[in-house]
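These notes concern the structure reproduced below.
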Amino acid sequence: MAKITKGHSFGGAVCYVMQDKKEAKLLDSRGVLANDKQSIINSFRLQCQLRPDVKVMVRHISLDFSVEDVDKMSDDFMVKVAQEYLQRMNILNTQYIIARHYDRKHPHCHIIFNRIGNNGKLISDRNDRIRSAKICRTLSEKYQLHIANGKDHVHRERLRGADAVKYQIYDALEAAVQRCRTWEELRALLAHQGITLSFTHRGTTSDIQGVVFEKDGLRFNGSKIDRKYSYSKISTALKQNEMHQRRGSVNGDSEYEDYKDHETHSQRRSSNSRISEALHEQPYGSDTFSGVHIGVSAASSFVTDVASGIVSATGAIASGMANAMAATPSSPSISSGGGGGNNSSEDLADDEYIDEYGVRRKKHRGMHR
């Protein structure tokens, strides 16, 4: 990673980079007389006379590598990476020095360059921090260097001023955002740590455009703290927290219902188990259960006999009906008095006759048919 600072005094920058207690070692330089610290300072100052109108001409870059890369980080390799960094940053045709420090566990070097080029033109610093971050990652991937996991590996104890406050806000947001569902909850949690929260609006409208955090008189936009703490991304995180809590509440009720059902089933299984154990224990004696078995057997025999009788009777009835239907008489049989029989006119008495229905009848006195 690279940390870029700006200033107007080459004397202060060179003295810091080349101080003995830092165990400083000058690895590379260009365009300066490097006999000692003062000669380096004078060389920078001399070139600044090309642009006396420029007041902030000093650039100081701390180029830091991971402690995981100590074994591969020789002086020559460090110079190679630093020079490629300057080239990719388009810091060309100007004065610079590269000095390595050995006062920390992690390898690192310091670059000081003159923003006023050798031809008097100004080295552009537009979006230099954004470009620097991308170039550092590109170089790390190219040379297979260890990439630290973001802000988690920053040494907080070394930070001062605005950087220290920014990381205090960052750490507070890391703990608070995941616990809150609304902006008001987040505001209350941050207030306990001396951090205030406010919104910026689009023009004169009420539309919220961004969020600002303030601590110890220093204000930072959310996206400046970290990209994941912009207004839109925090809003998304809060909504997700609320949804997760709702789902958790629903799941909690469902789990409770499942628990009650489980208890009911457990009680039923326990009851059935006790009944089974009681039967196996036979508290009434073996004779009692023998009588029960005999009674059940007799009842079963009786039911079987009744069923057989019903089946037999049903069969007989069905057989009789079939026979009756099969026996069809060839001629009606009429007896006397409507009783049916074979009647003919030859065996009629003098006072009898056959009516229109074929029935033998007595003649009434005084009536003739």
Side-chain angles (χ1 to χ4, degrees), residues 1-64 78-79 81-101 103-104 108-136 154-155 158-167 214-221 224-225:
M1 62 176 290
K3 181 180 178 181
I4 303 174
T5 56
K6 305 174 182 181
H8 59 273
S9 173
F10 279 108
V14 172
C15 288
Y16 172 80
V17 169
M18 298 299 295
Q19 59 182 311
D20 294 334
K21 70 177 184 179
K22 296 290 185 180
E23 302 179 27
K25 179 181 180 181
L26 186 63
L27 299 183
D28 187 33
S29 64
R30 181 172 298 176
V32 298
L33 186 61
N35 294 334
D36 53 29
K37 289 186 287 187
Q38 191 59 49
S39 63
I40 295 173
I41 295 170
N42 292 338
S43 298
F44 280 124
R45 286 175 177 172
L46 183 61
Q47 186 153 304
C48 289
Q49 295 179 9
L50 297 174
R51 292 291 300 271
D53 57 312
V54 179
K55 301 302 181 183
V56 182
M57 58 286 190
V58 181
R59 289 295 183 272
H60 174 201
I61 302 172
S62 176
L63 204 58
D64 297 83
M78 183 175 287
V79 170
V81 175
Q83 288 177 344
E84 186 169 349
Y85 171 84
L86 290 173
Q87 182 179 5
R88 289 175 178 269
M89 286 288 291
N90 202 29
I91 301 171
L92 306 171
N93 194 30
T94 191
Q95 299 168 309
Y96 70 80
I97 64 171
I98 301 174
R100 181 171 185 173
H101 286 183
D103 59 329
R104 303 292 183 184
H108 65 286
C109 66
H110 294 264
I111 304 172
I112 296 176
F113 73 91
N114 196 339
R115 192 170 174 234
I116 300 173
N118 299 334
N119 55 4
K121 292 184 178 181
L122 205 60
I123 305 296
S124 175
D125 61 351
R126 185 175 183 180
N127 298 324
D128 54 354
R129 289 182 173 84
I130 297 175
R131 290 187 291 118
S132 176
K134 293 179 179 179
I135 290 170
C136 286
V154 174
H155 296 280
R158 292 197 224 155
L159 300 176
R160 297 291 183 272
D163 288 334
V165 174
K166 181 188 293 187
Y167 274 88
E214 183 175 352
K215 180 178 172 63
D216 298 339
L218 297 173
R219 293 166 56 88
F220 302 92
N221 292 333
K224 297 297 183 182
I225 300 295

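Count residues from 1 along the sequence. Computed from a predicted structure; not experimentally measured.
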List the atom of [X], the atom of [Y], and the distance in Å for their closest heavy-atom pair.
| X | Y | answer |
| --- | --- | --- |
| Ser9 | Gly12 | OG-N, 3.2 Å |
| Cys15 | Ile41 | SG-CD1, 4.2 Å |
| Ile61 | Ala2 | CG2-CB, 4.0 Å |
| Thr94 | Ile116 | OG1-O, 3.2 Å |
| Cys109 | Met78 | CB-SD, 3.4 Å |
| Arg129 | Ile4 | NH2-O, 3.1 Å |

Plane angle bin for His110 and His60 - parallel if under 30°, tilted between 30 and 60°, otherwise perpendicular: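 His60 and His110: tilted rings.
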Plane angle bin for His108 and His101 - parallel if under 30°, tilted between 30 and 60°, otherwise perpendicular: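 The arrangement is perpendicular - the two ring planes meet at more than 60°.
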Polar side-chain atom of [X] near backbone of [Y] as donor-acceptor pair, under 3.5 Å:
| X | Y | result |
| --- | --- | --- |
| Ser29 | Val32 | no |
| Arg88 | Arg131 | no |
| Asn119 | Lys121 | yes |

About how many Å separate [atom2] of [Y] and [atom1] of [X], when rounded to the nearest 0.5 Å?
| X | Y | atom1 | atom2 | answer |
| --- | --- | --- | --- | --- |
| Asp163 | Thr5 | CG | OG1 | 10.5 Å |
| Leu26 | Lys37 | CG | NZ | 12.0 Å |
| Lys3 | Leu63 | NZ | CG | 13.5 Å |
| Ser132 | Tyr85 | OG | OH | 3.0 Å |
| Gln47 | Asn42 | CD | CG | 13.5 Å |
| Met57 | Arg51 | CE | CZ | 12.0 Å |

Results of salt bridge (charged side-chain N to carboxylate O under 4.0 Å, His left out) for Glu23 - residues two or more places apart only: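 Counting only residues at least two positions away or on another chain, Glu23 forms no salt bridge (charged side-chain N to carboxylate O under 4.0 Å, His left out).
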Validation row: Val58, Phe44 side chains within 4.5 angstrom (heavy atoms):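 Result no, sub-4.5 Å side-chain heavy-atom pair not found.
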Gln19 atom CD: more than 12 heavy-atom contacts under 6.0 Å: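 Yes.
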Heavy atoms of other groups near Lys134 NZ, more than 12 under 6.0 Å: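 No - once you tally the heavy atoms of other residues, nucleotides and ligands closer than 6.0 Å, there are 12 at most.
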Criterion side chain to side chain contact (heavy atoms under 4.5 Å, CB included) on Cys48 and Val54, from CA distance to verdict: CA-CA 8 Å; Cys48 289; Val54 179; over 6 Å; no
Carboxylate-amine/guanidinium proximity below 4.0 Å for Arg104 and Asp64: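 No, Arg104 and Asp64 are not salt-bridged.
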Leu86: side chain to side chain contact (heavy atoms under 4.5 Å, CB included) partners, not counting sequence neighbours: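 Applying side chain to side chain contact (heavy atoms under 4.5 Å, CB included) to Leu86 gives Ile91, Tyr96, Ile111.
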Pair listing, salt bridge (Lys or Arg N to Asp or Glu O under 4.0 Å) test, anchored in residues 110-119, at least two apart: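 Counting only pairs at least two positions apart or across chains, the salt bridge (Lys or Arg N to Asp or Glu O under 4.0 Å) contacts touching residues 110-119 are Arg115-Asp125.
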